[in-house]
Enquirer: 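Shown below is the structure under consideration.
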Amino acid sequence: MTHKKIVVLAGDGIGPEVTKCAREVLEVIGTISGQKFEFEDALIGHSAIEATGEPLPQATLDKCQQADAILLGAVGHPMYDNNPGAKVRPEQGLLKLRKSLELFANIRPIKLFDELLHSSSIKPEILQGVDILFFRELTSGIYFGTPRERSADGNSAIDTLAYTKEEVRRIAKKAFKAASQRNKKVCSVDKANVLETSRLWREVVTEVAKDYPEVTLTHMFVDNASMQLIRDPRQFDVVLTGNMFGDILTDEASQIAGSMGMLASASMGEQTSVYEPIHGSAPDIAGKGIANPLAAILSVALMLDLSLGMPNEARQVEQAVADVLSQGYRTVDIAEEGLTPEKQLNTEQMSEKVKEVLLKNKSVVNSQ
Ligand SMILES: NC(=O)c1ccc[n+]([C@@H]2O[C@H](COP(=O)([O-])OP(=O)(O)OC[C@H]3O[C@@H](n4cnc5c(N)ncnc54)[C@H](O)[C@@H]3O)[C@@H](O)[C@H]2O)c1
Ligand SMILES: CC(C)[C@H](C(=O)O)[C@@H](O)C(=O)O
Ligand SMILES: [Mg+2]
């Protein structure tokens with residue numbers, strides 16, 4: 001069996017804390033399945049700037065280009081967030097990675113584990129059974145358009161929101177394909193009542209829909225969508241949207257899943273893909289050892305499914321997470337009121353539980 005090469009970009013803040021857990025879960029999967037994984041660490045973000053002066057060193061990009069899959073933690077540090085004048089910034093590393101590897105399709109599943117029905121600030125009866133798949137365009141839109149700069153006198157600034165038909169078409173096709181294998185609904189979210197790019201978006205998405213007659217397409221303005229997500233999240237199946245709208249709506253949707261610490265994502269290109277929790281470096285909890293590692297661990301499940309051709313193992317990871325939650329274990333972000341102290345876990349302990357359950361579930365299957 002050939003080795004699978006996994007590049008680990010731990011990044012900043014809680015990034016290294018949660019990727020350590022995710023990597024160890026993948027190691028356990030290796031033990032269980034016999035698949036060999038070869039891990040290689042590389043720098044990105046603030047830690048890369050500290051070491052090399054650049055947020056995405058060429059050496060990192062070279063390693064990523066050779067990888068079967070990439071596991072990413074998070075980038076970002078308050079020293080830049082609080083310094084608008086900083087020219088070199090950690091987030092540039094992430095954006096350059098996405099652009100260089102052409103990771104145009106960011107897939108963000110929003111699923112609530114039943115065990116967490118009471119962890120969300122939204123009423124359980126609104127949440128039960130929610131299953132949304134976001135397709136966020138990731139390599140264009142306002143994140144990448146030019147010009148993007150401060151005026152010479154410093155009194156104004158410009159960012160550019162641009163999309164080409166092809167950029168919209170390729171992400172739309174992915175969304176329709178996924179919908180045709182799910183509940184056959186695509187809701188395309190835009191701001192076509194104001195933005196020319198959104199009118200182009202709507203036109204192309206409507207065109208693509210003709211190739212998928214079994215899928216029902218609806219369009220929704222982003223302001224309404226942000227409200228509908230909380231009012232009645234079960235109305236959505238696949239949500240298709242642009243780069244910035246997708247960024248904002250999925251942070252909002254994390255509250256449906258109980259916490260930012262629960263949402264995994266896959267950023268997919270044609271050659272290779274990056275698997276990353278949707279959350280950031282969380283400077284407010286970094287170094288405390290209390291971050292929820294489940295988003296990173298569930299990103300490993302996506303990796304097993306989408307890049308490594310190991311869907312059974314992906315299900316095992318998801319099942320292990322569900323089992324640990326149904327045993328009542330919680331990190332602080334998903335802890336209900338009145339949780340007994342022995343059920344309250346830190347990052348390492350949560351990860352240990354998932355690994356223990358993975359091994360236990362496997363031995364149960366083997367002995368049957
Ligand atoms: N993909 C990425 O690398 C990424 C994503 C978002 C933000 N960022 C960067 O991260 C930094 C902080 O940004 P922010 O505070 O707006 O967003 P954030 O996602 O880092 O944190 C938002 C809130 O969610 C909590 N949270 C996030 N992940 C958690 C986890 N796993 N377990 C428990 N709680 C968790 C944090 O403690 C914080 O209160 C910024 O520099 C930003 O640019 C990076
Ligand atoms: C850090 C930032 C550039 C990034 C984004 O906006 O895409 C993050 O918020 C995310 O959701 O991955
Ligand atoms: Mg974001």
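Counting starts at 1 for both ligands and their atoms, in listed order. Sequential numbering from 1 along the given sequence is applied to the chain's residues.
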Enquirer: In ligand 1, which numbered atoms sit nearer than 4.0 Å to a non-hydrogen atom of A291?
Expert: 32 (N)

Enquirer: In this structure, does ligand 2 have an atom that sits under 4.0 Å from one of the heavy atoms of R136?
Expert: yes

Enquirer: Is the backbone of L103 close enough, under 3.5 Å, to the side chain of T139 for a donor and an acceptor to pair up by distance?
Expert: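 Pair absent, no side-chain N/O of T139 close to backbone of L103.
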
Enquirer: Tell me the contacting part of V18 for ligand 1: side chain, backbone, both, or neither, using a 4.0 Å heavy-atom threshold, strictly below.
Expert: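 No part of V18 comes within reach of ligand 1.
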
Enquirer: Work out whether the distance between some heavy atom of D284 and some atom of ligand 1 is less than 4.0 Å.
Expert: yes

Enquirer: Ion pair present between R169 and E207, side-chain N to carboxylate O less than 4.0 angstrom?
Expert: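 Looking at R169 and E207, the cut-off is not met.
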
Enquirer: Is the shortest heavy-atom distance from the side chain of T331 to the side chain of T347 under 4.5 Å?
Expert: no

Enquirer: Are E348 and K20 ion-paired here, with the side-chain N under 4.0 Å from a carboxylate O?
Expert: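 Judged by the 4.0 Å cut-off on N to carboxylate O distance, E348 and K20 do form a salt bridge.
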
Enquirer: Whether the side chain of Q181 engages the backbone of F176 through a donor-acceptor N/O pair (distance < 3.5 Å, no angle test) should be reported.
Expert: no

Enquirer: Should you measure from each heavy atom of I278, which atoms of ligand 1 turn up under 4.0 Å away?
Expert: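 Within the 4.0 Å cut-off of I278, ligand 1 contributes 5 (C).
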
Enquirer: Cut-off 3.5 Å, side chains only: do E167 and S140 have a donor facing an acceptor?
Expert: yes

Enquirer: Working to the nearest 0.5 Å, report the span between OG of S119 and CD1 of I122.
Expert: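 Interatomic distance, S119 OG to I122 CD1, rounded to 0.5 Å: 12.0 Å.
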
Enquirer: Does K353 make a cation-pi contact with Y329, if we ask for NZ or CZ under 6.0 Å from the ring centre and within 45° of the axis?
Expert: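 Yes, K353 sits over the ring of Y329.
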
Enquirer: When you measure from atom 28 (N) of ligand 1 to each heavy atom in E91, H279, K288, which option holds the nearest one?
Expert: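 Looking at heavy atoms only, H279 sits closest to atom 28 (N) of ligand 1.
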
Enquirer: Any Lys/Arg nitrogen of K360 or D323 sitting under 4.0 Å from an Asp/Glu carboxylate oxygen of the other?
Expert: no

Enquirer: What protein heavy atom lies closest to atom 40 (C) of ligand 1? Include the residue and the distance to one decimal.
Expert: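 Going atom by atom, the protein heavy atom closest to atom 40 (C) of ligand 1 ends up being D81 OD2, 3.2 Å.
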
Enquirer: My understanding is that we take every heavy atom of each candidate and find the minimum distance to atom 34 (N) of ligand 1. Doing that for V75, I285, N292, which one comes out nearest?
Expert: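 It is I285 whose heavy atom sits nearest to atom 34 (N) of ligand 1.
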
Enquirer: Could you tell me whether ligand 2 has any atom less than 4.0 Å away from a heavy atom of R108?
Expert: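 So R108 counts as touching ligand 2.
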
Enquirer: Output yes when a protein non-hydrogen atom is found under 4.0 Å of atom 16 (O) of ligand 1, and no otherwise.
Expert: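 No, because not a single protein heavy atom sits under 4.0 Å from atom 16 (O) of ligand 1.
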
Enquirer: Please classify the P283 to ligand 1 contact at 4.0 Å (heavy-atom distances, strictly less than): side chain, backbone, both or neither.
Expert: side chain

Enquirer: To the nearest 0.1 Å, how far is atom 9 (O) of ligand 2 from its closest protein heavy atom, and which atom is that?
Expert: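 Scanning the protein heavy atoms, the shortest distance from atom 9 (O) of ligand 2 goes to D247 OD1, 3.1 Å.
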
Enquirer: Supply the atom-to-atom distance N224 CG to N193 CG, rounded to the nearest 0.5 angstrom.
Expert: 10.5 Å

Enquirer: Is it true that S259 lies under 4.0 Å from ligand 1, counting heavy atoms only?
Expert: no

Enquirer: Counting each atom of ligand 1 from 1 as listed, which ones have a heavy atom of A74 under 4.0 Å away?
Expert: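 Under 4.0 Å from A74, ligand 1 has these atoms: 3 (O).
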
Enquirer: Check whether any heavy atom of T331 sits under 4.0 Å from an atom of ligand 1.
Expert: no

Enquirer: Could R170 and E166 be called an ion pair, given the rule that one side-chain N must be under 4.0 Å from one carboxylate O?
Expert: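 Between E166 and R170 there is no salt bridge, as every charged N stays at least 4.0 Å from the carboxylate O atoms.
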
Enquirer: Verify the contact flag for atom 44 (C) of ligand 1, where contact means a protein heavy atom under 4.0 Å away.
Expert: yes

Enquirer: Looking at E276, which atoms of ligand 1 are within less than 4.0 Å of one of its heavy atoms?
Expert: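 This gives 1 (N) as the contact atoms.
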
Enquirer: Just which atoms of ligand 1 are under 4.0 Å from any heavy atom in H77?
Expert: 41 (O)

Enquirer: For A295, is the nearest heavy atom under 4.0 Å from an atom of ligand 1?
Expert: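 False for this residue.
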
Enquirer: Which is closest to atom 10 (O) of ligand 1 in terms of heavy atoms, S265, G76, S281, A282?
Expert: S281

Enquirer: Would you mind checking which non-hydrogen protein atom is closest to atom 5 (C) of ligand 1, with the distance to 0.1 Å?
Expert: G280 CA, 3.3 Å

Enquirer: Hey, does the Lys NZ or Arg CZ of R182 hover above the aromatic six-ring of F135, less than 6.0 Å from the centre and inside 45° of the axis?
Expert: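 No.
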
Enquirer: Taking atom types as modelled and ignoring hydrogens, do the side chains of Y163 and E137 form a donor-acceptor contact shorter than 3.5 angstrom?
Expert: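 There is such a pair (donor and acceptor under 3.5 Å, judged by atom type) between the side chains of Y163 and E137.
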
Enquirer: Which one holds for L94 and ligand 1: side chain close, backbone close, both close, or neither close, with close meaning a heavy atom under 4.0 Å?
Expert: side chain

Enquirer: Charged N to carboxylate O below 4.0 Å: is that the case for K191 and D223?
Expert: yes

Enquirer: Taking 2.8 Å as the cut-off, does D247 contribute an N, O or S atom near the Mg ion (ligand 3), distance below it?
Expert: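 True for D247.
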
Enquirer: What protein heavy atom lies closest to atom 6 (O) of ligand 2? Include the residue and the distance to one decimal.
Expert: Y143 OH, 2.6 Å

Enquirer: Just by distance, do the side chain of T216 and the backbone of K185 share a donor-acceptor pair under 3.5 Å?
Expert: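 Looks like no, no N/O pair under 3.5 Å.
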
Enquirer: Among all the protein's non-hydrogen atoms, which is closest to atom 4 (C) of ligand 2, and how far away is it?
Expert: R98 NH1, 4.0 Å

Enquirer: Which heavy atom in N292 sits nearest to a heavy atom in H279, and how many Å separate them?
Expert: O-NE2, 4.5 Å

Enquirer: Measure across V274 and L101 and return the closest heavy-atom pair with its distance rounded to 0.1 Å.
Expert: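 Closest pair (atom of V274, atom of L101, distance): CG2-CD1, 4.3 Å.
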
Enquirer: Can you list the ligand 1 atoms lying under 4.0 Å from a non-hydrogen atom of M260?
Expert: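 With M260 as reference, the close atoms of ligand 1 come out as 19 (O), 24 (O), 27 (C).
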
Enquirer: Quick test: of every protein heavy atom, which one is nearest to atom 29 (C) of ligand 1, and how far off is it to 0.1 Å?
Expert: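 Looking at atom 29 (C) of ligand 1, the protein heavy atom closest to it is I14 CD1, 3.9 Å.
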
Enquirer: Look at atom 25 (C) of ligand 1 and say whether a protein heavy atom is found at less than 4.0 angstrom from it.
Expert: no

Enquirer: Looking only at protein heavy atoms, which one is nearest to atom 1 (C) of ligand 2, and what is the separation?
Expert: E91 CG, 3.7 Å

